[in-house]
Amino acid sequence: MRMTILRAGVASVSVLMLTACSVTASRQEMGTVLGGALGGLIASQVADDNEEAWIAFGMLAGGFLGNQLGRYLDERDQQRMAVATQQAAATGVAQTWSNPDNGTAGQARVVSSEVKSQPVSVPVLRERINEVPPLDIMGETYRARGNSNLRGGPGTDYVVVGSLTPGEVVNVVGRVQGQDWFMISQGGVGSGFIYAPLLEAAPGAQPSDLSTQFADEDVYETALADEQLCRTIEQSITLADGSTHSSSMEACQGANGWVAQA
């Protein structure tokens with residue numbers, strides 16, 4: 001099954017921009033290009049020109065609207081739908097948006113949720129983590145409150161394997177079951193554990209480690225759970241002429257964010 005990760009990095013944005021500049025595409029084709037690139041979108045380009053740039057969790061909407069709703073939306077509206085879709089998946093609450101410049105409006109809403117019996121795994125940095133304890137999967141971004149140690153396991157008796165600086169943003173893979181410790185990932189790879197109160201939630205923030213890369217031999221894959229929360233999301237739009245169009249897709253909660261199923 002092909003999967004598209006919702007959260008992506010600035011490097012992918014560069015690829016997306018180069019692709020967009022090097023080809024001439026119709027709206028339908030552009031929707032496909034946007035979805036095919038695992039590109040993050042700066043939310044300051046999406047909602048009210050917010051000057052604080054945060055990554056809008058990737059191009060989920062583009063990937064699933066490219067040959068459907070994408071033909072009716074310009075780039076900016078595809079970005080709005082991308083953000084609304086991710087937020088709907090993460091919260092379970094319907095999200096709406098509108099573009100006063102062209103009269104287009106859209107909505108992303110969860111129509112069903114289901115816990116499926118399918119494995120969830122994450123790559124882990126071998127030199128830092130020997131064993132991963134049972135986790136409650138989160139796949140959310142958090143920010144360090146101050147200077148913090150990363151440890152090789154969930155406790156202060158484990159060796160220090162790294163550190164975070166004040167304001168540094170990371171992805172929290174999950175919470176250790178029965179303990180107040182998080183496992184985090186850097187560059188999509190599990191890299192250490194941190195005492196949960198040392199972090200604060202930072203939904204939509206851009207992870208500070210987007211350029212982190214690891215060699216294959218330094219990483220091993222480990223199973224986190226046998227079940228996964230999945231949601232079916234209906235995406236609908238109303239155009240200026242009053243016509244309506246809709247499409248549905250499925251996303252499942254993964255260790256590094258919500259994952260679109262195709």
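- Side-chain atoms of N171 come within 3.5 Å of backbone atoms of A255 as a donor-acceptor pair (strictly under, hydrogens ignored).
- Closest approach of A202 to T141, counting heavy atoms only: O-OG1, 2.6 Å.
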- Item | V124/M183 under side chain to side chain contact (heavy atoms under 4.5 Å, CB included): CA gap, chis, key distance, verdict | CA-CA 10 Å; V124 175; M183 176 180 167; 3.7 Å; yes
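- Taking CZ of F182 as the reference point, atom CE of M138 lies at 4.0 Å (rounded to 0.5 Å).
- Remark: Q186 CD to R128 CZ distance equals 5.5 Å, nearest 0.5 Å.
- Side-chain contact check for T104 and N99: no donor-acceptor pair (N or O, by modelled atom type) lies under 3.5 Å.
- Under a 3.5 Å cut-off, the side chain of T238 and the backbone N or O of A105 do not form any donor-acceptor pair.
- Atom CD1 in I184 sits 4.5 Å away from atom CG in L150 (nearest 0.5 Å).
- Qualifying salt bridge (charged side-chain N to carboxylate O under 4.0 Å, His left out) partners for E200, counting only residues two or more places apart in sequence or in other chains: R145.
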Give the table of side-chain donor-acceptor pairs shorter than 3.5 Å for residues 154-166, with sequence neighbours excluded, one pair per line with atom names and distance.
| from | atom 1 | to | atom 2 | distance (Å) |
| --- | --- | --- | --- | --- |
| T165 | OG1 | E168 | OE1 | 3.3 |

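- A heavy-atom distance below 4.5 Å is found between the side chains of W97 and I237.
- A search for salt bridge (charged side-chain N to carboxylate O under 4.0 Å, His left out) contacts involving R231 returns nothing, not counting sequence neighbours.
- Here CZ of R109 is found 11.5 Å from CD1 of I233. Values are rounded to the nearest 0.5 Å.
- Shown here for D241 and S243, the closest heavy-atom pair between the two residues is OD1-OG, 2.6 Å.
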- Going through the checks in order, is the side chain to side chain contact (heavy atoms under 4.5 Å, CB included) test met by R175 and D180? CA-CA 7 Å; R175 180 188 292 270; D180 216 11; 2.5 Å; yes
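- A distance-only check finds a donor-acceptor pair linking the side chain of T91 to the backbone of Q87 [under 3.5 Å].
- Around the CD atom of E131, the shell of radius 6.0 Å holds no more than 12 heavy atoms that belong to other residues, nucleotides or ligands.
- Side-chain N/O atoms of E221 and S121 include a donor and acceptor closer than 3.5 Å.
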- Message: side chain to side chain contact (heavy atoms under 4.5 Å, CB included) for R126 and D218? Distances and angles first, verdict last.
- Response: CA-CA 6 Å; R126 193 182 305 277; D218 295 333; 5.5 Å; no
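- Nearest heavy-atom pair across L135 and Q177 is O-NE2, 3.4 Å.
- For the pair E234 (side chain) and S248 (backbone), a donor-acceptor distance under 3.5 Å is absent.
- From T96, atom OG1 reaches atom CE of M81 across 10.0 Å, with rounding to the nearest 0.5 Å.
- With contacts defined as side-chain heavy-atom distances shorter than 4.5 Å, the pair P133/Q179 does not qualify.
- Between I137 and G254 the shortest heavy-atom distance is CG2-O, 3.7 Å.
- Surrounding OH of Y195 are at most 12 heavy atoms belonging to other residues, nucleotides or ligands under 6.0 Å away.
- What you find for V173 and S185 is that their closest heavy atoms are CG2-CB, 3.6 Å.
- With rounding to the nearest 0.5 Å, the separation of CD in E227 from CD in E114 is 10.5 Å.
- For the pair D77/Y72, no side-chain contact is recorded, criterion being any heavy-atom separation below 4.5 Å from C-beta on.
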- Residue pair N130, Y220: steps toward the side chain to side chain contact (heavy atoms under 4.5 Å, CB included) verdict: CA-CA 10 Å; N130 293 325; Y220 69 95; 5.6 Å; no
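- When all heavy atoms are compared, the tightest approach of S148 to I194 is CB-CD1, 3.6 Å.
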